[in-house]
Number of protein chains: 2
Amino acid sequence: MSALDRLFTERGVRPTPLRREVLALLYEADRPLTWKEAFARLSPSGVNKVSLYRTFSLLEEKGLVHKVLGADGAWHYCAHPLERPGCPGNHAHFLCLQCGRMTCLVEQAIPTVDLPEGYAVEGKQLLAYGRCPSCSETQG
Amino acid sequence: MSALDRLFTERGVRPTPLRREVLALLYEADRPLTWKEAFARLSPSGVNKVSLYRTFSLLEEKGLVHKVLGADGAWHYCAHPLERPGCPGNHAHFLCLQCGRMTCLVEQAIPTVDLPEGYAVEGKQLLAYGRCPSCSETQG
DNA sequence: CCTCAGGCTGAAACTCGGTTGCAAAAAGTA
DNA sequence: TACTTTTTGCAACCGAGTTTCAGCCTGAGG
């Protein structure tokens, strides 16, 4: 049984070909991918768009990946590191507005947000956006 | 000439009735409003949906308001304080996932995000989400 | 091996936030 | 008044994501 399949069964997720393919893709990419990016990469194997959406939300629900909303309005999905599955993705992200690539800033933890009495925080995200190095170069 | 109209002309924006109405609404609300919330409040006066979208993006472009993308995927627009127009909105926000209301946490500045050489940051946002006090109460 | 139930997948239609194109109205300019 | 530019309104469109439903696969029980 592969490491991926072990992750799946641990979480009570049946390791289907599609799910293996999607999760493997996220690990390979090593950065958050949007549905669109994933769809483009998987289209050669003829993935269905709805199945891909469903797979992403299942993986997120089961805690195998986390999602970050980009300033482009699209969700970016990022696989949790194999060695510490269940990571809440509690770090900042950078989104390049030109090429649309998102980068995890794993060193930058999200600071505590102080809220008045009564607020219940379920999650938080810190997103910086602009130009990545390669896009800064190619455009004056 | 009213304070609002002065703001408009300072920024080279013609103060039309619709623009006055939208900006006044944002000041009155004193928290970020989504297009939907604004449309609901302005619908009695028969606003056109496209004109409202256009007004929001014009106000943002001219620096009269700033926008924050909520975890609900919708943009929330917030008027800059009258006394310091041009404020980049450099503070954290809280979004209630139940009632959809966003609150400015003006006391909580967004921390510096350290990025490797070559990254050009154009903006950043820190968003916490969960339940606001009144929604926490009404639901166990 | 067969059968049945439940989970998984695929296709089509739909919803919803937001944009585009274009024509009519309004405002500024001469 | 006539001309130009800006703003507005309408309709059609677009793209992300969801719903519905039928068909398929798989796994458990016989």
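Computed from heavy atoms alone, side chains included, the values below leave out hydrogens, waters and symmetry copies.
Using bins of under 30°, 30° to 60° and over 60° for the plane-to-plane angle, the ring pair B/Tyr77/B/Phe56 lands in the parallel bin. Using the six-membered ring where Trp is involved, A/His91 and A/His66 have ring planes that are perpendicular, over 60° apart on the 30 and 60° scheme.
In this structure a side-chain-to-backbone donor-acceptor pair under 3.5 Å is missing from B/Arg131 to B/Gln98. With hydrogens and angles ignored, the 3.5 Å screen pairs no side-chain donor or acceptor of B/Arg19 with any backbone N or O of B/Thr55.
Atom CG of A/Leu18 and atom P of D/dT26 are 14 Å apart (whole Å). Regarding A/Glu61, its CD atom lies at a distance of 11 Å from the P atom of C/dC8, rounded to whole Å. Counting to the nearest Å, the C1' atom of C/dC8 and the CZ atom of A/Arg19 are 7 Å from each other. Here D/dA16 presents its P atom at 12 Å from CD of A/Glu37, a figure rounded to the nearest Å. Atom CG in B/Leu69 sits roughly 13 Å away from atom C1' in D/dA16 (whole-Å rounding). Here the P atom of nucleotide C/dC8 and the CG atom of A/Leu52 are 16 Å apart, to the nearest Å. For the pair B/Leu58 CG and D/dT7 C1', the interatomic distance rounds to 10 Å; values are reported in whole Å. Atom CG of A/Leu42 and atom C1' of C/dG10 are 16 Å apart (whole Å).
Taking all atoms of both residues into account, the shortest heavy-atom contact from B/Ile110 to B/Ala92 is CG1-N, 4.1 Å. Closest approach of A/Phe8 to A/Pro15, counting heavy atoms only: CD1-CB, 3.7 Å.
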Please report the C-alpha distance between A/Arg54 and A/Val50 in whole Å, then the side-chain angles of each, then the deciding distance to 0.1 Å, and finally whether the side-chain contact (heavy atoms from CB on, under 4.5 Å) criterion is met.
CA-CA 6 Å; A/Arg54 278 194 283 233; A/Val50 181; 3.5 Å; yes

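Considering only side-chain N and O atoms, B/Thr16 lies nowhere under 4.0 angstrom from the phosphate OP1 or OP2 of D/dT6.
A salt bridge links B/Glu37 with B/Arg31; the closest basic N to acidic carboxylate O contact falls under 4.0 Å.
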Using a cut-off of under 3.5 Å, enumerate the N/O to N/O pairs linking the protein to nucleotides 16-23 of chain C.
residue, atom, partner, partner atom, Å
C/dG18, OP2, B/Tyr53, OH, 3.4
C/dG18, N7, B/Lys49, NZ, 3.4
C/dG18, O6, B/Lys49, NZ, 3.2

I'd like a list of close polar pairs between nucleotides 4-6 of chain C and the protein, N/O only, cut-off under 3.5 Å.
none

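The CE atom of A/Met102 lies 9.0 Å from the SG atom of A/Cys78; values are rounded to the nearest 0.5 Å.
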